[in-house]
Each structure stands twice: as C-alpha cells, then as structure tokens.
Amino acid sequence: MAVTVLSGTSGALYYKPAGTTGSFGESGVNVGSDEITVEPYLNFKVGDPVKFSVINSQTGGSGTGTLPAGISAGTTYYVIAYAAATGVMQVSATAGGATITITDDGTAAAPNEFQVAYADYAAVGQVQSWAFEISRSEIDVTTIGQTAGQYAPFRAYIPGFADGSGSATVYVTNEDSALSNRMVEDVLQRQQVGCAFKLYTDKQSTEALSRSIAMDAVLLTASLNINPDDAQQVEITFRPAGVPTFDFSTSA
C-alpha cells in the first residue's frame with residue numbers, strides 16, 4: 001500500500017481555558033439560592049460549558065460521594081453567573097437558561113469533594129499554526145579506569161527526564177468570545193488550573209481515526225505582532241503541566 005504523507009492542513013488545535021476547574025464541598029452548596037461557591041478569582045465566564053464530578057482531593061482521581069440533587073455527573077451545564085471576588089456560581093441546563101434547582105447539598109466526606117470543570121476541549125478556529133518540541137536530558141555515566149589506548153575514550157550517556165515546550169500563533173478577532181482572544185488573556189490568569197491543549201496532527205471526523213497530543217498546560221508568554229499590512233497575530237508559548245498523552249495510532 002502506498003504511503004500517504006500527512007500535510008499541515010489536517011492539523012488543528014483544541015483548548016480548555018485556564019482557570020476553569022474549581023472545587024467545593026457540601027458547605028459550598030446553597031440550596032436556598034441554587035448557588036455553589038468555588039474558589040474565587042477563577043476564570044469561568046458566562047456561557048462556559050461545564051460538568052460536575054466527585055473527586056478525591058488527595059489523588060485527584062475519581063472520588064466517592066453523591067452530587068447535590070439537581071446536578072448529574074456527565075451532564076453538560078452552562079455558567080450563567082460567576083462572581084470572581086466570591087467564587088459564587090450559578091449554572092443552567094441550557095445556554096442562557098434559568099438557574100437549575102438544587103434540592104440538597106450532596107455528600108462528600110473528606111478527602112472527597114465536588115468539582116466543576118470546563119466540559120471538553122473546544123476548537124480554536126483562528127490558529128495559523130502550532131508547534132510542540134520534545135526533548136530529553138542526558139545523564140553522563142562515564143566511568144574512570146578505562147583501558148588506555150591510542151585515542152581518547154568517549155563519554156557514555158543514558159537518557160534522562162523528558163521535557164516539552166509548545167507555541168501557537170493565533171489571530172486576534174473582533175469577536176469577544178473567540179477562544180483565540182481568550183488564550184491571550186489567559187496568559188495573565190493567576191490560577192491556570194484547567195488549562196489544557198489537544199494538538200491534532202491529523203484531525204478526522206471520527207476521533208478514533210485522529211492523531212493528537214493532549215496535555216494539561218501552563219501558559220507562559222503572549223507576543224503581539226501588530227502592523228498596518230497584516231492581520232493581528234499573537235504567538236503564545238506553553239509547557240506541559242504533566243505527562244502529555246500521545247495518540248499517533250488510529251483504529252477504525
């Protein structure tokens with residue numbers, strides 16, 4: 001079978017905004033006002049799609065407990081209000097809809113707690129290009145006492161920790177809610193928990209057939225390039241916040 005070389009036209013960048021993961025306990029649920037209180041000064045915005053879950057605060061994995069009645073795990077809700085100074089949030093079952101009714105505060109005994117997080121990766125349609133570099137450190141394991149010879153002995157090395165760094169060039173648009181604009185603002189977000197990228201080298205309509213690199217990330221810089229002749233561009237740099245997930249294989 002002939003080999004088909006992939007082109008950059010099949011690439012894509014998907015993003016979860018920084019500061020869009022928050023936690024709260026039973027005491028953070030207000031049944032009377034149908035509000036929850038998460039950490040202050042996060043980055044939730046009206047219209048953000050979010051999902052709720054119970055997590056173990058010590059491991060970060062799935063926890064045991066029951067979400068407040070009126071909230072279902074795996075269901076997408078939409079932020080209709082978030083006060084950054086207090087962390088008070090209200091959500092709706094539909095975008096721009098009415099506040100959901102919460103009838104009890106659920107159960108989440110320590111170390112378990114409730115979590116609200118941006119629902120899923122969203123496509124950034126204003127990306128000109130992205131890049132991601134992977135490197136390995138080297139560890140010198142040269143030993144002394146080698147047999148003398150005519151030529152100088154060579155040092156010996158083994159591979160050490162891996163590291164990665166990435167960048168994306170995005171266009172600035174006049175649409176306030178564009179994710180490309182939000183990425184620029186997110187560089188200055190104090191709490192970047194929730195920030196994540198999914199970098200597609202080959203985006204297909206079926207996810208199982210796509211090739212990608214996914215990672216939680218920290219945003220580092222935003223370099224603006226403004227001149228009279230070109231579209232306004234910003235180069236954003238980032239690093240993985242943990243171990244990236246590489247999925248370069250496909251299955252039907």
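We count residues from 1, following the sequence as given. A quick note: this is a predicted structure, and the numbers were derived from the prediction, not measured.
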Exercise for review: Find the distance between CG (Asn30) and CD1 (Ile36) and round it off to the nearest 0.5 Å.
Suggested key: 11.0 Å
Practice item. Verify the distance criterion only: is there a donor paired with an acceptor across the side chains of Thr64 and Asn112 at less than 3.5 Å? Key: yes
Review point. Taking the side chain from Thr206 and the backbone from Ala208, do they hold a donor-acceptor pair closer than 3.5 Å?
Key: no
Check your understanding: Under a 4.5 Å cut-off applied to non-hydrogen side-chain atoms, are Ile102 and Val29 in contact?
Key -> yes
Exercise for review: Answer yes or no: is there a side-chain heavy-atom contact under 4.5 Å between Pro68 and Asp105?
Suggested key: no
Study note, to complete from the structure: Output for pair (Leu188 CG, Leu219 CG), nearest 0.5 Å, gives 10.0 Å
Practice item. Establish, from distance only, whether the side-chain atoms of Tyr200 and Glu207 form a donor-acceptor pair under 3.5 Å. Key: yes
Practice item. Return yes if some donor-acceptor pair links the side-chain N/O of Gln189 with the main-chain N/O of Tyr41 below 3.5 Å, else return no. Key: yes
Check your understanding: Do NZ/NE/NH1/NH2 and the carboxylate oxygens of Asp120 and Lys51 come within less than 4.0 Å?
Key -> no
Practice item. Verify whether one side chain among Asn43 and Tyr82 offers a donor that lies under 3.5 Å from an acceptor in the other. Key: no
Point to revise | Residue pair Met89 / Glu35, side-chain heavy-atom distance below 4.5 Å | key: no
Check your understanding: Which heavy atom in Val218 sits nearest to a heavy atom in Ala241, and how many Å separate them?
Key -> CG1-CB, 4.3 Å
Check your understanding: Atom OG in Ser137, atom CG in Asp163: separation rounded to 0.5 Å?
Key -> 8.5 Å
Check your understanding: Would you call Thr20 and Leu42 a side-chain contact if the rule is heavy atoms closer than 4.5 Å?
Key -> no
**Study point:** Close side-chain approach of Val46 to Asp48, heavy-atom, < 4.5 Å
**Key:** no
**Study point:** Side-chain ion pair, Arg239 and Glu133, N-O less than 4.0 Å
**Key:** no
Review point. Does Ala18 offer a backbone N or O that forms a donor-acceptor pair with the side chain of Asp186 under 3.5 Å?
Key: yes
Exercise for review: For residues Phe52 and Tyr77, establish whether the separation of their ring centroids is below 6.0 Å.
Suggested key: yes
Check your understanding: Is a donor on one side and an acceptor on the other found under 3.5 Å between the side chain of Thr21 and the backbone of Ala117?
Key -> no
**Study point:** Between Tyr171 and Gln232, a side-chain donor and acceptor under 3.5 Å
**Key:** no
Practice item. May I ask you to check whether over 12 heavy atoms, not counting those of Phe248, lie within 6.0 Å of atom CZ? Key: yes
Check your understanding: Strictly by modelled atom types, are Asn181 and Asp176 linked by a side-chain donor-acceptor pair under 3.5 Å?
Key -> no
Check your understanding: Does the side chain of Phe132 reach to within under 4.5 Å of the side chain of Ser167, using non-hydrogen atoms?
Key -> no
Point to revise | No-hydrogen, no-angle side-chain donor-acceptor test under 3.5 Å, Ser177 and Glu175 | key: yes
Exercise for review: Report yes if the side chains of Phe114 and Val38 come closer than 4.5 Å at any heavy-atom pair, otherwise no.
Suggested key: no
Practice item. Could you please spell out the steps behind the side-chain contact (heavy atoms from CB on, under 4.5 Å) verdict for Val141 and Ile139? Key: CA-CA 6 Å; Val141 293; Ile139 301 173; 4.2 Å; yes
Exercise for review: Output the distance between atom CG (Leu179) and atom CD (Glu185), rounded to the nearest 0.5 Å.
Suggested key: 11.0 Å
Exercise for review: Please say whether more than 12 non-hydrogen atoms of neighbouring residues, nucleotides or ligands are located less than 6.0 Å from CG in Asn227.
Suggested key: yes
Practice item. Please check if Tyr121 and Ile213 belong to a single hydrophobic cluster, counting links between Ile, Leu, Val, Met, Phe, Trp and Tyr side chain heavy atoms closer than 4.5 Å. Key: no
Point to revise | side-chain contact (heavy atoms from CB on, under 4.5 Å) partner of Val172, the single match among Val234, Ile226, Asn225, Leu224 | key: Val234
Check your understanding: Got Val50 and Phe44 here, is their nearest side-chain heavy-atom distance under 4.5 Å?
Key -> yes
Review point. Got a second to check how far Thr94's OG1 is from Ile100's CD1, nearest 0.5 Å?
Key: 11.0 Å
Review point. What's the spacing between Gln126 CD and Thr173 OG1 if we round to 0.5 Å?
Key: 5.0 Å
Practice item. Answer yes or no: is there a donor N or O on one side and an acceptor on the other, between the side chain of Gln58 and the main chain of Ala110, under 3.5 Å? Key: no
Point to revise | Derivation and outcome, side-chain contact (heavy atoms from CB on, under 4.5 Å), residues Ile55 and Glu113 | key: CA-CA 6 Å; Ile55 65 168; Glu113 59 186 6; 3.8 Å; yes
Practice item. May I ask you to decide if Ala108's main-chain N or O and Glu26's side chain share a donor-acceptor pair within less than 3.5 Å? Key: yes
Practice item. Check step by step if side-chain contact (heavy atoms from CB on, under 4.5 Å) holds for Asp202 and Ser210. Key: CA-CA 5 Å; Asp202 183 24; Ser210 300; 6.0 Å; no
Check your understanding: Does the ring of Tyr14 carry Lys198 above it, NZ/CZ under 6.0 angstrom from centre and within 45° of its axis?
Key -> no
Exercise for review: Give a yes or no on whether the backbone of Thr221 and the side-chain of Thr237 come within a donor-acceptor separation of less than 3.5 Å.
Suggested key: yes
Point to revise | Polar side-chain atom of Thr142 near backbone of Ala156 as donor-acceptor pair, under 3.5 Å | key: yes
**Study point:** Donor on one side chain, acceptor on other, Ser23 and Glu39, under 3.5 Å
**Key:** yes
Exercise for review: Give a yes or no on whether the ring-centroid distance for Phe238 and Phe197 is below 6.0 angstrom.
Suggested key: yes
Point to revise | Leu67 vs Val54, side-chain contact (heavy atoms from CB on, under 4.5 Å): CA-CA, chis, key distance, verdict | key: CA-CA 7 Å; Leu67 288 169; Val54 182; 4.0 Å; yes
